[in-house]
Undergrad: 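Would you mind keeping the following structure in view while I ask a few things?
Any value given below was found using the heavy atoms of this structure, including those in side chains, with hydrogens, waters and symmetry copies removed. Residue numbers start from 1 in every chain, and the chains themselves are labelled A, B, ... in the order their sequence lines are given, proteins ahead of strands.
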Number of protein chains: 2
Amino acid sequence: MQTSPDNDLTTAEPSVQASSHTTAAFSPLYQQIKGFILNSLHAGEWKPGESIPSEMELAARFKVSQGTVRKAIDELASENLLLRRQGKGTFVATHAEQQVQFRFLKLVPDSGTRGSEGPAQRDIIECRRSRATADVARALALRTGDTVLQARRVLSFGGSPIILEDIWLPAAPFKGLTADRLANYQGPMYALFETEFNVRMVRAEENIRAIPASDVHELLLKVKPGTPLLSVERVAYTYRDEPMELRRGCYRTETHHYHNTLG
Amino acid sequence: MQTSPDNDLTTAEPSVQASSHTTAAFSPLYQQIKGFILNSLHAGEWKPGESIPSEMELAARFKVSQGTVRKAIDELASENLLLRRQGKGTFVATHAEQQVQFRFLKLVPDSGTRGSEGPAQRDIIECRRSRATADVARALALRTGDTVLQARRVLSFGGSPIILEDIWLPAAPFKGLTADRLANYQGPMYALFETEFNVRMVRAEENIRAIPASDVHELLLKVKPGTPLLSVERVAYTYRDEPMELRRGCYRTETHHYHNTLG
DNA sequence: TAGTGGTCTAGACCACATA
DNA sequence: ATGTGGTCTAGACCACTAC
């Protein structure tokens with residue numbers, strides 16, 4: 001069986017495991033189901049916040065048992081791509097929820113919890129289209145000179161400027177995003193990407209160093225030149241491991257620290 | 001059924017889910033199995049590197065189906081406490097394996113892979129018994145003044161001193177560990193803890209900041225005072241979430257960086 | 001050949017949410 | 001009352017490892 005006519009989805013259905021010959025191309029059924037679900041997520045068929053079909057329905061659609069679908073969903077849930085809610089259904093994870101609001105921001109105040117300082121203040125310093133330099137292009141899998149959107153902003157907590165961030169986005173996937181829209185948007189930036197451009201950040205890599213503050217930092221973060229700052233370079237990826245954002249942050253760590261858990 | 005006489009284990013068997021009344025004390029069978037396995041690991045019944053009983057045997061022992069045991073083991077494997085090897089069995093994870101040698105060290109060279117600079121050199125600067133200060137006691141869940149083992153060492157890569165580490169261990173669980181033994185031991189420190197003291201580090205929390213180098217750093221890391229360094233404070237935990245090690249590291253980040261993955 | 005973990009199924013019952 | 005995900009079972013077959 002390759003495809004079934006009663007399947008209303010436009011994408012190709014995963015072919016059922018061929019147990020007649022044990023070649024190297026073997027892939028477990030549940031992995032194929034998982035790949036199919038990933039495709040649908042990537043295609044935007046099910047949007048962040050929405051529910052996906054029930055396990056029973058997916059099982060019927062793929063002509064496998066509920067347990068096999070369950071195992072595929074289990075893995076996607078453990079990767080934070082899906083969210084299971086007993087009695088309600090399985091939902092596409094989103095950055096818009098309060099819980100996962102700061103899933104990618106590891107800087108926390110030394111005392112108190114996040115948010116105990118009141119709401120963060122965000123000041124856009126700069127926002128424009130530009131050309132990718134060699135290192136920006138490499139991080140975003142572009143070519144040098146390709147158009148990118150660039151933004152610079154300062155995040156303040158408790159009235160003090162703590163974070164200076166430079167952000168680069170590839171222009172193509174964010175077609176229609178104006179500097180103005182970015183500057184005026186209130187709310188999590190990753191939520192904007194989801195709702196307006198169907199770009200969901202699912203994973204990120206960060207490289208961290210200690211660097212001395214420059215004149216720019218003195219101006220924007222109100223620190224003396226030479227003050228040690230945490231330099232955090234982040235590349236965020238979407239469903240298919242496509243790099244979609246480069247972010248370079250400079251964190252003041254006199255009153256905050258970067259918290260990490262090692263499993 | 002509470003316990004069965006044919007169970008040869010000394011520890012209490014998990015009581016089977018009481019489905020007759022749905023109280024708040026409900027806990028799934030597989031969670032109880034998981035707890036039992038955790039107990040055995042904590043008690044040192046199965047040692048790091050050894051295999052645990054097969055799924056079938058555990059299922060028979062607990063009088064549950066293989067699938068229920070499998071789910072318990074699945075979770076423990078995903079938490080890196082157990083390691084499954086198809087055809088061979090399930091093994092207690094260990095820090096002695098080459099793969100997971102540096103599971104807790106996130107500092108990597110900017111170019112090349114870890115180890116491309118040749119083997120790390122470790123120089124013990126100091127190693128002695130002392131009394132816990134207030135902050136050390138708090139981190140290790142001790143009382144101020146309790147005896148701790150303290151060590152200071154420098155790690156060099158490619159001939160350059162990169163890391164200065166101060167390590168504190170509670171004296172009680174490491175009874176018999178002499179400063180001499182620590183200083184002369186070759187190999188991963190966490191492997192020594194496992195084999196000699198049945199203390200396995202399964203999890204750690206790190207708090208990171210940027211700090212200026214002091215005179216001590218100038219002496220031991222060969223940097224100018226004021227040079228930004230990465231300050232990494234780590235508390236490592238064993239099976240029952242007991243804090244067992246406090247480690248304060250200062251990393252030079254001119255040629256290395258701290259790498260982190262955000263899920 | 002035997003034993004291990006890995007996949008898959010079919011069906012039962014439970015807990016939770018909603019109508 | 002119905003539908004969802006959560007747990008548990010019993011059994012089949014496959015893939016890998018070791019003897």
Undergrad: Within the structure provided, determine whether A/Leu82 and A/Phe91 are in side-chain contact (heavy-atom separation under 4.5 Å).
TA: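 Sidechains of A/Phe91 and A/Leu82: no contact.
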Undergrad: Round to the nearest Å and state the distance from B/Asp74 atom CG to C/dT7 atom P.
TA: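 After rounding, the gap between these two atoms is 9 Å.
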Undergrad: Please report, rounded to the nearest Å, how far the P atom of D/dT17 is from the CZ atom of B/Phe91.
TA: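 After rounding, the gap between these two atoms is 11 Å.
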Undergrad: What nucleic acid atoms does B/Gln86 come within less than 4.0 Å of, heavy atoms only: base, sugar-phosphate, or nothing?
TA: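 Base, at least one base heavy atom under 4.0 Å.
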Undergrad: Looking only at the side chain of A/Tyr30 (C-beta and beyond, no hydrogens), which of the listed nucleotides C/dT7, C/dA17, C/dT9 gets closest?
TA: C/dT7
Undergrad: Any side-chain donor paired with an acceptor under 3.5 Å for B/Tyr258 and B/Glu206?
TA: yes
Undergrad: Identify the residue among B/Phe193, B/Tyr237, B/Trp168 that makes a side-chain contact (heavy atoms from CB on, under 4.5 Å) with B/Glu245.
TA: B/Phe193
Undergrad: With nearest nucleotides of DNA chain C determined for A/Ser65 and B/Ile73 from heavy-atom distances, which residue corresponds to the more 5′ nucleotide?
TA: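 Its nucleotide being nearer the 5' end, the pick is B/Ile73.
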Undergrad: Is A/Arg70 touching bases, backbone alone, or none of the nucleic acid, heavy atoms closer than 4.0 Å?
TA: base
Undergrad: When the ring planes of B/Phe62 and B/Phe36 are compared, do they come out parallel, tilted or perpendicular, using 30° and 60° as the limits?
TA: perpendicular
Undergrad: What nucleotide, of C/dG5, C/dT7, C/dT9, holds the atom closest to the side chain of B/Arg84?
TA: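 Nearest nucleotide to the side chain: C/dG5.
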Undergrad: The side chain of B/Leu29 is closest to which nucleotide in this list: D/dT7, D/dC8, C/dT7?
TA: D/dC8
Undergrad: Tell me: CG of A/Leu58 to C1' of C/dC8, nearest whole Å?
TA: 17 Å
Undergrad: What is the distance, rounded to the nearest whole Å, between atom CD of A/Gln66 and atom P of C/dA10?
TA: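 For the pair A/Gln66 CD and C/dA10 P, the rounded distance is 12 Å.
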Undergrad: Send over the distance from B/Met56 CE to C/dA2 P, rounded to a whole Å.
TA: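 Rounded to the whole Å, the gap is 16 Å.
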Undergrad: Between A/Thr68 and C/dC8, is there a contact of a side-chain N or O with OP1 or OP2 at under 4.0 Å?
TA: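 So the side-chain polar atoms of A/Thr68 never come under 4.0 Å of the phosphate oxygens OP1 or OP2 of C/dC8.
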Undergrad: Counting side-chain heavy atoms from CB outward, which of C/dC8, D/dA18, C/dA17 is closest to A/Lys88?
TA: C/dA17
